[in-house]
*Asks:* 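Attaching a single structure in structure tokens format; questions to follow.
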Number of protein chains: 2
Amino acid sequence: MPKRVDHDERRRQISEALWRIAATRGLDGASLRDVAAEAGISLGRLQHYFTSKDEMFVFALDYISGLAERRIRERVQALPGTPAPRDILRHCLVEMLPLDDESRAGNLVQVAYYARAVHDARTRRHAQEGVPALRDFFAAQVRHAVERGEVDPERVPEDEAMLLLALADGLTSFALLDVYAPAEALRLIDRHLAGLFSYNSSPRSSGSKRS
Amino acid sequence: MPKRVDHDERRRQISEALWRIAATRGLDGASLRDVAAEAGISLGRLQHYFTSKDEMFVFALDYISGLAERRIRERVQALPGTPAPRDILRHCLVEMLPLDDESRAGNLVQVAYYARAVHDARTRRHAQEGVPALRDFFAAQVRHAVERGEVDPERVPEDEAMLLLALADGLTSFALLDVYAPAEALRLIDRHLAGLFSYNSSPRSSGSKRS
DNA sequence: GCTATAGCAATACGCTTGACTTGCAAATCG
DNA sequence: CGATTTGCAAGTCAAGCGTATTGCTATAGC
């Protein structure tokens with residue numbers, strides 16, 4: 001056999017070029033020729049690794065969502081000791097917001113895919129699948145906080161989890177539109193968390209709340 | 001002079017055709033020929049009323065945002081008597097969420113423009129300009145509610161306003177992705193409002209809080 | 001050292017795109 | 001009634017698109 005190269009590595013390089021274009025011009029603004037040029041390769045080479053444009057889109061989406069998930073997971077696991085639910089939630093949210101240029105670029109790519117997901121069933125299915133897992137994880141943290149007496153037991157963990165996700169999503173939208181500085185989004189998240197965790201009580205007798 | 005037609009009326013008809021396409025395929029999926037076909041006119045006629053594609057986009061955006069603003073305004077003014085701040089806020093939020101097919105279509109158009117605003121400076125400027133006004137209106141309602149002793153005076157009206165806007169935005173995103181039913185978004189908004197308006201007090205002495 | 005083949009560049013093809021040009025039908029005004 | 005001007009259809013054009021094809025180059029295996 002002739003020279004062998006790492007196909008997945010090449011595909012990842014191409015995907016990263018695609019992200020760069022998608023972040024600045026959107027997915028529809030990314031022609032195969034543009035992506036090849038951005039990756040510094042020929043159109044022929046790109047097509048050697050991706051049979052179709054759609055295949056490239058799918059791979060790049062898998063790649064970036066996998067990376068994002070890993071980054072959040074690592075960030076949480078890097079917390080020292082046994083972190084409080086509130087710290088876990090906050091670190092996740094911080095990781096999601098476009099607080100630095102790198103994260104902003106990632107969020108812009110997500111927006112590009114979101115715009116596609118709204119119309120394209122295949123992309124939509126992909127975009128949907130991450131949400132329940134994240135919501136359940138958040139809900140588990142809220143539930144834990146309730147048990148520790150840090151959150152009002154009247155609150156429904158799943159609902160609070162969805163509210164947090166939606167809040168992060170909406171704040172990100174405004175931040176990407178330059179309606180306010182990214183740090184403002186973080187401040188607002190903190191304000192909401194303060195409201196959520198404003199339950200003053202030592203863990204009282206009311207621990208029998210189960211549904 | 002020969003036959004006269006209402007130019008603005010024609011432009012509005014074309015804009016509505018554009019919305020229909022943008023809602024299903026996105027702005028980039030709307031070619032001039034497609035829009036003309038959707039409007040039931042020839043390409044030549046469309047170009048007679050819009051010199052360029054971009055001019056059409058701008059007009060259609062002005063048109064739809066004007067309509068949305070008017071709808072919210074009318075909805076609020078249609079409230080009987082002197083409505084409570086909470087009712088005003090809730091009616092605005094209900095109007096913003098994609099609770100029926102018509103509203104969903106409108107929100108999809110907004111998403112299409114949002115995806116463009118993120119990359120295009122002109123569209124972004126347009127997308128930004130509505131936010132401060134809406135936030136100030138919301139903040140005024142919250143402030144009013146604080147004065148009536150319905151909301152904790154510790155809350156910052158501007159912040160709570162932004163949180164509400166971001167929440168509505170994020171919940172709309174998830175609803176458009178079919179992550180959950182639209183009614184679920186409303187339920188979560190109500191839950192958040194319940195938290196915001198959970199201040200139990202007759203307007204006490206603590207009115208001296210100013211920064 | 002010959003051959004098979006992976007890796008890739010180059011090019012061509014069929015289509016669609018936005019913009020532009022041309023020309024004519026109809027209707028109003030002098 | 002004829003001149004004039006609006007409204008619009010049809011056609012053209014170059015540019016750009018995704019995809020497919022072709023063929024060269026370099027290397028690993030026999």
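Letters go in sequence order (proteins before strands), and every chain restarts at 1. From a predicted model like this one, the values you see are computed outputs, not experimental measurements.
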*Asks:* Heavy-atom distance under 4.5 Å between the side chains of B:I41 and B:Q13, does that happen here?
*Replies:* no
*Asks:* According to side-chain contact (heavy atoms from CB on, under 4.5 Å), who are the partners of B:S198, at least two apart in sequence or on a separate chain?
*Replies:* none
*Asks:* Would you call B:E74-B:R71 a salt bridge at under 4.0 Å N-O?
*Replies:* no
*Asks:* Whole angstroms only, please: what is the CG-C1' distance between A:L43 and C:dA12?
*Replies:* 12 Å
*Asks:* Could you list by number each residue of residues 5-29 of chain A showing a heavy-atom separation from DNA chain C of less than 4.0 Å, or answer none if no residue does?
*Replies:* A:V5, A:H7, A:R10
*Asks:* Identify, residue by residue, the members of residues 46-60 of chain B with a heavy atom below 4.0 Å from DNA chain C, and return them in order of residue number, or none.
*Replies:* B:Q47, B:S52, B:K53
*Asks:* Check this for me: does any side-chain nitrogen of one of A:E158 and A:R143 sit under 4.0 Å from a carboxylate oxygen of the other?
*Replies:*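 Answer for the salt bridge query: yes.
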*Asks:* Checking A:T51 side chain against A:Q47 main chain: does a donor-acceptor pair fall under 3.5 Å?
*Replies:*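 Answer holds: no.
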*Asks:* What does A:I41 touch in the nucleic acid at a heavy-atom separation under 4.0 angstrom: a base, only the sugar-phosphate, or nothing?
*Replies:* nothing
*Asks:* Any side-chain heavy atom of A:V142 sitting closer than 4.5 Å to one from A:P85?
*Replies:* no
*Asks:* With 3.5 Å as the limit, what N/O pairs link the protein to nucleotides 14-16 of chain D?
*Replies:*
none

*Asks:* With no hydrogens and no angle check, is any side-chain donor or acceptor of A:Y180 less than 3.5 Å from a backbone partner on A:L171?
*Replies:* yes
*Asks:* Given side chains that start at C-beta, do those of A:E55 and A:F59 come closer than 4.5 Å, heavy atoms only?
*Replies:* no
*Asks:* Just jot down the salt bridge (Lys or Arg N to Asp or Glu O under 4.0 Å) partners of B:E69, sequence neighbours excluded, or say none.
*Replies:* B:R73
*Asks:* Counting side-chain heavy atoms from CB outward, which of D:dG18, C:dG18, D:dC17 is closest to A:L32?
*Replies:*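 The closest nucleotide is D:dG18.
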*Asks:* Which residues satisfy the side-chain contact (heavy atoms from CB on, under 4.5 Å) test with B:D28, sequence neighbours excluded?
*Replies:* A:D28
